[in-house]
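Written below as structure tokens is the structure these notes are about.
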Amino acid sequence: MTDPTKTPAGSAATAEPMVRAENVHKSYGPVEVLKGIDLEVRQGEVFCLIGPSGSGKSTFLRCINHLEKINGGRLWVDGELVGYRQRGDKLHELKDREVALKRQDIGMVFQRFNLFPHMTAIDNIIEAPIQVRGENKADARERGMALLERVGLADKAKNYPSQLSGGQQQRVAIARALAMKPKLMLFDEPTSALDPELVGDVLDVMRGLAEEGMTMVVVTHEMGFAREVGDALVFMDGGVVVESGNPRDVLTDPQHERTRAFLSKVL
């Protein structure tokens, strides 16, 4: 059950889901990667996706903000169709400019940090608010410094990515995503490229976001994080949802044999 403190009072039962997928399909040529995904992510929820490599987790995540175009079904974020406009019973794809406008509200943190190597940490954070949202540079910088402090890197504002550890770069990447004031955060295995001793700092930042009520969809292999912080968990395999439920229930007492086989190798 979702912690009621994570959502505005009275909203859990009545609010539109932050993410709703209905029979979502995605193919690359003849290879069908997503084979009819149905799920809902409630507002304020930490929603974890687990499964073996190639199961479609990251592809589904990229479909949520239309980095990948779905081939069938429907996807909504905060009540609005992703990538399309419906007229009657037909879908019409949005123009790139319209997609980019809607994508501003969705923060995404990738496996690799994707920071601009020629920019300092603070400049990486304030670039999009200034260039995309038209924010005043002084205001953006003030908020960017607050975000760096929030992720424990206030003293690294003038450092370039090459001067930061992998964990520090990933925390800057999270701050950069937060600088756009997103309503939803997507994390695509954000700790998988890090040395083990650097993982904890990144997960601590994500725990803090969860405590503040940020809606998060997290593709992860960190089962401890899923158990402790997650409100809902989905196990995917072969492009379908095999099992879903409360993370603690799924991880300790999986009902499906395929889930049991996977967890026996990762727990």
Rounded to the nearest 0.5 angstrom, the CD1-CZ distance for Ile64 and Arg103 is 12.5 Å
Check your understanding: When you look at Asp249 and Gln255, which way does the side-chain contact (heavy atoms from CB on, under 4.5 Å) test go after all the steps?
Key -> CA-CA 9 Å; Asp249 294 340; Gln255 301 302 300; over 6 Å; no
>> I'd like to know if the side chain of Gln131 reaches the main chain of Ala128, judged simply by a donor and an acceptor atom lying under 3.5 Å from each other, with no hydrogens or angles considered.
In response: no
Quick one: do Val205 and Leu153 end up in the same hydrophobic cluster if we chain Ile, Leu, Val, Met, Phe, Trp and Tyr together by side-chain heavy atoms under 4.5 Å apart? yes
If we ignore hydrogens and angles and just use 3.5 Å, is the side chain of Ser27 paired with the main-chain N or O of Gly29 as donor and acceptor? no
| message | Strictly distance-based, threshold 3.5 Å: is any side-chain N or O of Asp195 a donor or acceptor partner for the main-chain N or O of Leu198? | response | no
- Query: Going by an N to O cut-off under 4.0 Å, is there a salt bridge joining Arg133 and Asp105?
  - Reply: yes
Value for CE (Met216) from SG (Cys48), rounded to nearest 0.5 Å, stands at 8.0 Å
Rounded to the nearest 0.5 Å, the CG atom of Leu67 sits from the CG atom of Asp188 at a distance of 10.0 Å
Item to check | Lys57 to Phe60, cation-pi by 6.0 Å centre distance and 45° axis angle | outcome: no
Correct closest heavy-atom pair for Asn65 and Val82 would be C-CG1, 4.4 Å
In terms of heavy-atom contacts, Arg74 and Gln86 come closest through NE-OE1, 3.5 Å
Exam field: side chain Asp237 to backbone Ser55, donor-acceptor pair closer than 3.5 Å: no
message = For the backbone of His256 and the side chain of Glu243, can you confirm whether one donor and one acceptor N or O come within less than 3.5 Å of each other?
response = yes
Correct closest heavy-atom pair for Gly230 and Pro247 would be O-CG, 3.5 Å
Look only at the side chain of Glu212 and the backbone of Leu209, and say whether a donor-acceptor pair between them is shorter than 3.5 Å. no
Q. Is there a side-chain contact between Phe235 and Arg258, using heavy atoms and a 4.5 Å cut-off?
A. yes
Exercise for review: Report yes if the side chains of Val99 and Glu93 come closer than 4.5 Å at any heavy-atom pair, otherwise no.
Suggested key: no
In terms of side-chain geometry, is the basic nitrogen of Glu228 or Arg207 positioned less than 4.0 Å from the acidic oxygen of its partner? yes
query: Are Phe262 and Val241 connected in a single hydrophobic cluster, I mean Ile/Leu/Val/Met/Phe/Trp/Tyr linked by side-chain heavy atoms less than 4.5 Å apart?
result: no
Closest heavy-atom pair, Ile125 versus Ala175, reported as atoms and distance to 0.1 Å, is CD1-CB, 3.7 Å
Rounded to the nearest 0.5 angstrom, the CD-CZ distance for Glu189 and Arg112 is 11.5 Å
Would you call Met145 and Ile122 a side-chain contact if the rule is heavy atoms closer than 4.5 Å? yes
Exercise. Before accepting this row, confirm whether a basic side-chain N of the pair Lys26/Glu32 lies closer than 4.0 Å to the acidic partner's carboxylate O.
Key: no
Are side-chain heavy atoms of Val218 and Leu49 found at a separation under 4.5 Å?
no
inquiry  = Assigning hydrophobic clusters by single linkage (Ile, Leu, Val, Met, Phe, Trp, Tyr; side-chain heavy-atom cutoff under 4.5 Å), is Val240 placed with Leu263?
reply    = yes
All heavy atoms of Val234 vs all of Ser244, minimum pair found to be CG2-CB, 3.6 Å
Residues Val229 and Ala210: closest non-hydrogen pair is CG1-CB, 3.6 Å
Is there a side-chain contact between Glu40 and Phe47 in this structure, where contact means two heavy atoms from C-beta onward sitting under 4.5 Å apart?
no
If only atom types and distance count, is the side chain of Glu149 paired as donor or acceptor with the main-chain N or O of Ala146 below 3.5 Å? no
Do the two ring centres, one from His66 and one from Tyr84, sit under 6.0 Å apart?
yes
Tell me whether Asn124 contacts the main-chain N or O of Met119 through its side chain, where contact means a donor paired with an acceptor under 3.5 Å. yes
Which of Val217, Val46, Ile174 passes side-chain contact (heavy atoms from CB on, under 4.5 Å) with Phe187? Answer is Ile174
Handout entry: Heavy-atom side-chain proximity of Leu184 to Asp78 below 4.5 angstrom
Key = no
Discussion item. Strictly below 4.0 Å, N to O, side chains only: are Arg260 and Glu257 in salt-bridge contact?
Written reply: yes
Salt-bridge criterion met for Glu127 and Arg176 (N-O under 4.0 Å): no
Any donor-acceptor pair under 3.5 Å linking the side chain of Thr120 with the backbone of Lys158? no
**Message:** Taking Val202's backbone N and O only, do any of them form a donor-acceptor pair with Arg171's side chain (distance below 3.5 Å, no angle check)?
**Reply:** no
(request) Please tell me if the side chains of Leu194 and Gln111 come closer than 4.5 Å, counting only heavy atoms from C-beta onward. (result) no
Rounded to the nearest 0.5 angstrom, the CZ-CZ distance for Arg150 and Arg143 is 10.0 Å
Margin query: Does any part of the side chain of Val31, heavy atoms only, come nearer than 4.5 Å to the side chain of Val33, both counted from C-beta?
Written below: yes
Take atom CD of Glu142 as the centre, draw a 6.0 Å sphere, and report whether it contains more than 12 heavy atoms from other residues, nucleotides or ligands. no
*Are the charged groups of Lys137 and Glu135 less than 4.0 angstrom apart, N to O?*
no
Value for CZ (Arg85) from CG (Leu94), rounded to nearest 0.5 Å, stands at 5.0 Å
